[in-house]
S.K.: 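What follows is a single structure, and I will ask about it in a moment.
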Amino acid sequence: MQELMQRRQEIVDAAHHLAQRGLVEGSAGNISCRFGEHYLVTATGARFTTITTDQVPLVDRDGNVIDGDVKPTSEMQMHISVYDETSAKAVVHTHSPYATALSLVLDEVPLIHYTQLTLGGSIKMVPYATFGTKKLADLVKKKILGQKGVILRGHGTICSGKDVAAAAENAELLEWVCKVYHIASQHGTPREMKPGEVVGVAAAATLKSYGTVQKSK
Ligand code: 13P
C-alpha cells in the first residue's frame, strides 16, 4: 500500500511541475505509470495545478477501476498504445504550446540539437484525430516505435520514460527543442544535424556517460 501511495505521489508531483512549466492548461494533460499488471493514471478532468493523490486511480488496461473512486483519463487507450509498442514504464500527455504550434505548420521537427537524440531523433507528428478516441490511440501506435516523444497534430504531445520523472523530463525536452526551432525559424531555416555529427555525439555520450553526475575519482 505504501508503494502505491508513493507512485501516486510521483504522478502528482510531476503534474504540478508540468503545470508550473506551462506545458498544460486547465484540465488538459494526463499521466500514467505501470504498477504491476495494472496502471496508475490521472483522473479525467483533473487539473494538474491542484491534482491530489485521490485523483490517481489504479486501473486495468481497459480502464476498469481497481482502486480509487474516480474515472480514469479519457486518453487511457492512447497511453496503452505506448505501453504496447515500447518498453515505457510511464507516459505523459501534454498540451505544450510550442510543440502544438509547430504541429500546425510542419510534418516533423527535424533533428536540430543533439539532446533530441535521447527522444529518438527528428520528432514525428501523429495525424489529427479527436481526443480520447481509439482512432487517435491507433495513430499513436503507428508513430511511437523508437520514439520517447511524438507530437499530436493540433493537440499536444505524448512522451514516455523509464519512470514518471523521466517521462516528464522528456516532455520538457521535447517542448524546449520546439521552442529553439521556433526561435531559429524567425531568423532563417533551422539547420539540421549532419549524419557525421550524429555519430560523433553517440560516441562522446557513451564515452563520457553524458547526463549523469559522476564521482571525480
Ligand atoms: P482527460 O481530462 O480525460 O485526461 O483529458 C485531457 C486531455 O488532455 C485530452 O487529450
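All ligand and atom numbering here is 1-based and tracks the order in the structure. All values below come from the heavy atoms of this structure, side chains included, with hydrogens, waters and symmetry mates left out.
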S.K.: Between Y128 and S103, does any side-chain donor sit less than 3.5 Å from a side-chain acceptor?
M.R.: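 Side-chain D/A pair, Y128 to S103: absent.
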
S.K.: Is there a side-chain contact between V70 and D54, using heavy atoms and a 4.5 Å cut-off?
M.R.: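 When only atoms from C-beta onward are counted, D54 and V70 do not touch, as no gap falls below 4.5 Å.
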
S.K.: Under a 4.0 Å heavy-atom cut-off, which residues neighbour ligand 1?
M.R.: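 Residues S27, A28, G29, N30, T44, G45, T73, S74, E75, H93, H95, F131, H155 each place a heavy atom under 4.0 Å from ligand 1, listed by chain and number.
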
S.K.: Looking at E175 and K179, is any side-chain nitrogen of the basic one under 4.0 Å from a carboxylate oxygen of the acidic one?
M.R.: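 Here K179 does not pair with E175 in a salt bridge, since their nearest N and O are not under 4.0 Å apart.
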
S.K.: Do the side-chain N and O atoms of H95 and H155 include a donor-acceptor pair separated by under 3.5 angstrom?
M.R.: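 Side-chain D/A pair, H95 to H155: present.
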
S.K.: Using a distance-only test with no angle check, is there a side-chain donor-acceptor pair under 3.5 angstrom linking T86 and S160?
M.R.: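 No donor-acceptor contact under 3.5 Å links the two side chains.
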
S.K.: Within the supplied structure, the quantity of interest is the number of heavy atoms (other residues, nucleotides, ligands) at a distance under 6.0 Å from L104 CG; does it exceed 12?
M.R.: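 Yes, the 6.0 Å shell around CG holds more than 12 heavy atoms from other groups.
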
